[in-house]
There are 2 protein chains.
Amino acid sequence: MATMQRLQNTGLELFYAQGYYDTSIDDILKKLDLSKGAFYYHFESKEDFFIQIIENLLARKIYSTLIEPIEGHDNPLTLITKCFDDALETAVHNEMDYGCVLSNFLAEFNGKNDVVMRHLNEIVTVWEVNLVTALQKGKFNGYLDRHADCEAAATFIMSSYFGVRILMTSAAPSSKKYRFMSQIRQYFKSIEAKPVNS
Amino acid sequence: MATMQRLQNTGLELFYAQGYYDTSIDDILKKLDLSKGAFYYHFESKEDFFIQIIENLLARKIYSTLIEPIEGHDNPLTLITKCFDDALETAVHNEMDYGCVLSNFLAEFNGKNDVVMRHLNEIVTVWEVNLVTALQKGKFNGYLDRHADCEAAATFIMSSYFGVRILMTSAAPSSKKYRFMSQIRQYFKSIEAKPVNS
DNA sequence: GGTAAATCCGACCATGTGGTCTTTTTATAC
DNA sequence: GTATAAAAAGACCACATGGTCGGATTTACC
């Protein structure tokens with residue numbers, strides 16, 4: 001039982017660092033001092049292995065870092081700001097930052113493997129739905145402008161986050177983070193509830 | 001001479017569609033009905049081949065679609081809006097859209113191949129510099145708010161674009177584009193020059 | 001302690017990979 | 001026609017890959 005977990009953990013680690021197609025099963029096995037037999041006892045194939053990683057590890061990871069933190073009854077714009085600030089801060093301090101795990105895999109599998117793509121897109125959808133819900137609730141509670149388009153805002157927010165994570169891997173992640181945060185605050189200010197002039 | 005061009009064109013095509021590591025030289029050769037000899041007569045290695053593609057094709061592509069359209073003396077926010085609208089419209093109507101070529105390669109090579117990364121990052125930097133310059137000029141000409149942070153805006157704009165291109169490949173690209181455009185307009189409105197109350 | 005199932009080993013296979021090298025074709029000039 | 005060099009062919013190599021399989025080793029249970 002522990003072996004299966006170890007395989008999945010190291011699997012995600014290496015797939016994230018080196019990419020799925022450029023990581024061999026032997027790479028993972030070598031790192032864990034295991035053999036082919038151990039691997040194919042627990043998993044049918046490399047693809048099956050990866051899908052289980054998505055379901056068991058990736059989905060939870062995204063949930064705990066990007067979805068769960070924005071649940072609540074406070075101002076969603078504040079929650080999202082805090083959530084992104086935390087996530088990006090983690091990335092800045094991570095020596096081995098290769099960008100957002102999810103968006104990297106999306107880029108790698110897009111157009112290549114429909115089965116894997118479906119699983120990845122499911123996570124994207126869950127994030128999107130939760131974002132839209134949070135924003136709509138915030139609108140209902142008077143935090144967002146009456147005219148704000150929550151679906152559009154969610155798309156835009158997700159886009160910008162996926163994007164910075166790519167940019168941050170190139171150079172000067174800390175300054176990229178700072179700039180990004182300042183501008184997303186700016187954007188949030190533009191869709192927040194306007195003070196009524198009474 | 002024509003053979004070299006054909007190799008590079010099909011190379012970019014396949015690398016974009018299937019990824020660098022999942023595309024073999026034989027794949028490219030087969031599609032062009034050429035042999036190993038032809039390839040290694042023109043290029044030293046697969047990596048050398050790819051770098052030449054970056055320099056000769058990718059760089060120009062990015063320049064013509066994302067940089068050149070925002071040069072000029074008009075309102076940069078208008079130019080960028082138009083530029084993105086065009087680029088995304090092309091993507092929407094492209095059956096084989098696998099996202100932004102540049103950002104896909106960034107995601108694939110990041111942390112794996114420093115040499116390639118340097119070449120890719122160079123393109124990113126050129127785009128960034130041009131964006132910042134355009135925004136600063138726009139500020140000077142009174143199109144942007146005096147307090148607008150041009151570097152930060154550029155980072156944010158680039159991020160959001162890279163991000164939508166990823167999201168658009170998943171599902172409903174047309175609606176994603178519409179939502180994205182509406183929100184980037186919203187953001188632009190928040191950094192444009194405020195009307196002076198005289 | 002014995003038995004059976006779960007777990008793991010590691011040799012093996014077919015295939016695909018980047019890359020080399022010799023040979024042949026093709027174009028060019030005289 | 002022939003010499004010369006550019007261009008392309010394609011057999012070949014060493015190695016890595018995903019996957020298989022019969023057997024060894026643990027583990028759990030009676």
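Chain identifiers are assigned alphabetically (A, B, ...) following the order of the sequence lines, protein sequences preceding nucleic acid strands; residue numbering begins at 1 within each chain.
Contact between the side-chain N/O atoms of B/Ser24 and the OP1/OP2 oxygens of C/dT17 is found at a separation under 4.0 Å. Neither OP1 nor OP2 of C/dG18 sits under 4.0 Å from any side-chain N or O of B/Ser45. OP1 or OP2 of C/dC8 has not a single side-chain nitrogen or oxygen of A/Ser35 nearer than 4.0 Å. Phosphate proximity of D/dA6 to B/His42: absent, as no side-chain N or O sits under 4.0 Å from OP1 or OP2. Contact annotation: B/Tyr41 reaches the phosphate of D/dA7 (side-chain N/O to OP1 or OP2, under 4.0 Å).
As a whole-Å value, the separation of A/Leu29 CG from C/dC9 P is 8 Å. Rounded to whole Å, atom P of C/dG18 lies 15 Å from atom CZ of B/Phe43. The CD-C1' distance, from A/Glu47 to D/dG19, rounds to 14 Å in whole Å. Between the CD1 atom of B/Ile25 and the P atom of D/dC13 there is a distance of 19 Å, rounded to whole Å. Atom-to-atom, CG of A/Leu7 to C1' of C/dC8 comes out at 11 Å; the value is rounded to the nearest Å. Between the P atom of C/dT7 and the CG atom of A/Leu34 lies a distance of 13 Å, rounded to the nearest Å. If you take CG of B/Asp26 and C1' of C/dT15, they are 12 Å apart, rounded to a whole angstrom. Remark: P of D/dT20 and CZ of A/Phe39 are 11 Å apart, rounded to the nearest angstrom.
Stacking of A/Lys46 on the aromatic ring of A/Phe15 is not recorded, the 6.0 Å distance cut-off and the 45° axial limit not both being met.
Taking the six-membered ring where the residue is Trp, the centroids of B/Tyr161 and B/Phe180 are separated by 6.0 Å or more.
Backbone-only engagement by A/Lys46 is indicated by non-hydrogen atom pairs under 4.0 Å involving sugar-phosphate atoms exclusively.
In terms of hydrophobic clustering, with Ile, Leu, Val, Met, Phe, Trp and Tyr side chains grouped at heavy-atom distances under 4.5 Å, B/Tyr187 and B/Tyr178 are assigned to different clusters.
Positionally, the nearest nucleotide of DNA chain D for B/Lys36 lies more toward the 5' end than for the other of B/Lys36 and A/Asp22. Each of A/Gly37 and A/Asp27 has a nearest nucleotide on DNA chain D; the 5'-most of these lies closest to A/Asp27.
Between B/Glu13 and the choices B/Gln8, B/Lys31, B/Gln18, the side chain to side chain donor-acceptor pair (under 3.5 Å) rule is met once, by B/Lys31.
Checking B/Asn121 against A/Ser170 by side-chain atom types alone, a donor-acceptor pair falls below 3.5 Å.
Checking D/dA8, C/dC9, D/dG19 against the side-chain heavy atoms of A/Ala38 singles out C/dC9 as nearest.
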